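First comes the structure, then the notes that go with it.
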Number of protein chains: 2
Amino acid sequence: MKKKITLKQIARELDVSISTVSKALSGSKEISEDTTQKIQAFAKLYNYKPNNIALSLKNRKTKTIGILIPEIVHHFFSTVIRGIEKVANRRGYNVIVGLSNESFTKEIINMELLANGSIDGFILSISKETLLKQDYHHFNATISQGIPIVMFDRVVNEVACDKVIVDDFNGALKAVNKLIENGCKNIALLTTMDYVSVGRLRTQGYLKALENHKIFANSDLILKIDDSLNVENHIEILETEIHNFLKINPTIDGIFAVNELYAVTAMKVARKLGYKIPDDIQVIGFTDGVLSKHATPSLTTVSQHGEKIGEQSANLLIDRLEANDIENDKYFIEDDSKADYIKMVIETEIIERESTK
Amino acid sequence: MKKKITLKQIARELDVSISTVSKALSGSKEISEDTTQKIQAFAKLYNYKPNNIALSLKNRKTKTIGILIPEIVHHFFSTVIRGIEKVANRRGYNVIVGLSNESFTKEIINMELLANGSIDGFILSISKETLLKQDYHHFNATISQGIPIVMFDRVVNEVACDKVIVDDFNGALKAVNKLIENGCKNIALLTTMDYVSVGRLRTQGYLKALENHKIFANSDLILKIDDSLNVENHIEILETEIHNFLKINPTIDGIFAVNELYAVTAMKVARKLGYKIPDDIQVIGFTDGVLSKHATPSLTTVSQHGEKIGEQSANLLIDRLEANDIENDKYFIEDDSKADYIKMVIETEIIERESTK
DNA sequence: TTTCAACACGAAAACGTTTTCGCAAATAAT
DNA sequence: ATTATTTGCGAAAACGTTTTCGTGTTGAAA
């Protein structure tokens, strides 16, 4: 077992001081050609690599980003992680992932754990429970400790930080517009309980599209589904809810769903009821995941560009981290209270597939 | 901006030494009741939490696990991560995620980056490129540095470490058995090029099942699909390949696919060709992901229990890490070469849905 | 009164770096 | 020959902990 070699060991072996080794390895002009050569050769031979932890302690920065998301087995979130990882890697950062599991407490614990020196900044999406409780003190506490946060997708005005969001309103608007233009007269909305702002915005987009076309918004055509904790098993309930909904409202000829699961389930149910898609009913979903791509018929969706969201979030965070560096170097620490934070909106895009005409 | 408080600051403020503060906070009997109270109160007030990096440096362990996977936007891998995170959290560890993107070089870079003190051990699944190259020196180098590795799913005999694998052989065997018992006479196999051992094992299970039932294995019924780099766009190619395959072999009445994408695509194509599922053709896929669950008809699959794989991997790794601790404490470092490594096999389970009778 | 524990605390080392400063020797300028 | 400057290197501090080993004070035992 060859443990990693340290500066001290090299120094001892070559009979020079630690400082000399350090300088030689960084190519300092202070050290003579000769010794530099000798030390570098030795270091290469023993595959010396500086210890990251020691560097982190010395520099008081870890070059690590903490990602905190509600759930990882989820297409959208994993694409976001991929985006974050991509730019983080490129810019010399690592990512450490925490899962809140939609729980307020786990969110707090995870943050406190990582905020104790393990990471330089956070990229996160708020858990449902936190949104329900509307308790955001842990975010503000973290920020006031000097640890910047970037929130994505599920964000909240009460916290002053950079944000990257999907243009949920316009995404929904565009989707419903398309349904209308495609000739749909009675467009249903399949949505969740709207304490998650995201759902609320999509509903607003739906309503606005109808209004723009002078279509009366019939509240009977809006089905709100309770997406409580045990989502996994609720698939049958989901199906029967949609089934009954379609039975009661036989005039529906277009469906806009706020996620792809609702959309494909609606297609499934509709087909069982004898509807042809897209001939009798056209369907558009939000979120462009595997399901949409491989459903039969494949689903027209509003793509959220998760990877792009991740990239932008990472860039925003790292930009701020490195800006802070400069400020600190200048011994000029600006009053953060008037720092202007960026809210970046990522445009959606409609991916047309077989579920619309 | 309230930066985190340190022992030194508390010491200065309360006019005691750093050692006293440290001891008081850990409840040492050395310190008087009075001072202990005073110090603890002060620490609580200022929300003191020890700096993780400093602790890591001192203890020479980070309580962090490095996960290295080929791809994160992938149902199986994200369930594994979820499993790892779950037990890691419970046992006091964090996880830091690296993506190899199926690239040999990125795998190496990521490992070297994290091996410099950032993590105590690795849990990883080998990238395709590495498997092709059959170059495993970086794994062995890491291990001989004293950093344990646990490999899952895509493992390799050439590296001496703990492994957690799916019982691919028996999973395939059971699946094909079921097709046979359900009356299928001409069972096709949809597989990939088999440099990934996983695919090879599934093929062997398929062949064994046929053999057990004295069915002649017709090589015409095996379709090997080239799953090269640009998988995303290959969906049309996949469809046409399967289309032609089914046209040429009209007797096929059962399909076993080594992943769910091939399975649902096969269903899609078959239905376009006028087959009824499961009446004319029954289909079973490997990997129980979202697609299987929500396809129409829903797909019977061999579940790999990704979360369980993650949990077991994490337990194996942490067990070994903490066993090493004890050995080191004893100043008795065993010769690792004769350490016996565990290969844990996770049994598969068939989830029956609508694509089989 | 002297001796000895017990008590309460501080100094210092260690983990592995980087960096500032100081200092001797060698070279250059006067 | 004397002073000034460069060159090449080492000592030490610092990052924030924990822990070992002193050490001075107190109260009790001799």
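This structure is a prediction, so every number in the text was calculated from the model and none was measured. Numbers restart at 1 for each chain; the letters A, B, ... are given by sequence-line order, proteins then strands.
At whole-Å resolution of the value, CG in A:N59 and P in C:dT18 are 8 Å apart. If you take NZ of A:K61 and C1' of D:dG16, they are 17 Å apart, rounded to a whole angstrom. If you take CD1 of B:I18 and P of D:dC15, they are 9 Å apart, rounded to a whole angstrom. Between B:I5 atom CD1 and D:dT17 atom P the separation is 10 Å, expressed in whole Å. Rounding to whole angstrom units, CD of residue A:E33 and P of D:dC9 are separated by 11 Å. Atom P of nucleotide D:dG10 and atom CG of A:D15 are separated by 8 Å, given to the nearest angstrom. Atoms CD (A:E30) and C1' (D:dA11) sit 13 Å apart, rounded to a whole Å. Between the NZ atom of B:K3 and the C1' atom of D:dC15 there is a distance of 13 Å, rounded to whole Å.
Each of A:Y48 and B:I31 was assigned the nucleotide of DNA chain C with the nearest heavy atom; the assignment lying further toward the 5' end belongs to B:I31. Nearest-nucleotide positions on DNA chain C for B:K58 and B:K29 put B:K29 closer to the 5' end.
In this structure, A:R154 pairs ionically with A:E102, as a charged nitrogen and a carboxylate oxygen lie closer than 4.0 Å. Taking 4.0 Å as the cut-off between side-chain N and carboxylate O, B:D319 and B:R91 count as a salt-bridged pair.
Across all strands shown, B:L55 has heavy atoms under 4.0 Å from sugar-phosphate atoms exclusively, and none from any base. At the heavy-atom level, A:T35 lies under 4.0 Å from the strands shown only through sugar-phosphate atoms. Within the 4.0 angstrom heavy-atom criterion, only backbone atoms of the sugar-phosphate kind lie near A:S32; the bases stay farther away.
OP1 or OP2 of D:dG16 sits under 4.0 Å from a side-chain N or O of A:R60. The phosphate of D:dG8 has neither OP1 nor OP2 within less than 4.0 Å of any side-chain N or O from A:K23. Residue A:K8 places at least one side-chain N or O closer than 4.0 Å to OP1 or OP2 of C:dC15. Checking the phosphate oxygens (OP1, OP2) of D:dG16, no side-chain nitrogen or oxygen of B:T6 falls inside 4.0 Å.
Evaluation of atom-type donor-acceptor distances gives a pair under 3.5 Å for the side chain of B:S19 against the base of C:dA11.
Residue A:K49 places its NZ atom among more than 12 non-hydrogen atoms of other residues, nucleotides or ligands, all under 6.0 Å distant.
Among the nucleotides C:dT18, D:dT17, D:dC15, the one closest to any side-chain atom of A:L7 is C:dT18. Residue A:N51 places its side chain closer to C:dG16 than to any other of C:dA14, D:dC9, C:dG16.
Between B:L321 and B:L317, the closest side-chain pair of non-hydrogen atoms falls below 4.5 Å.
Side-chain contact annotation: B:N52 with A:S118, donor-acceptor N/O pair under 3.5 Å present.
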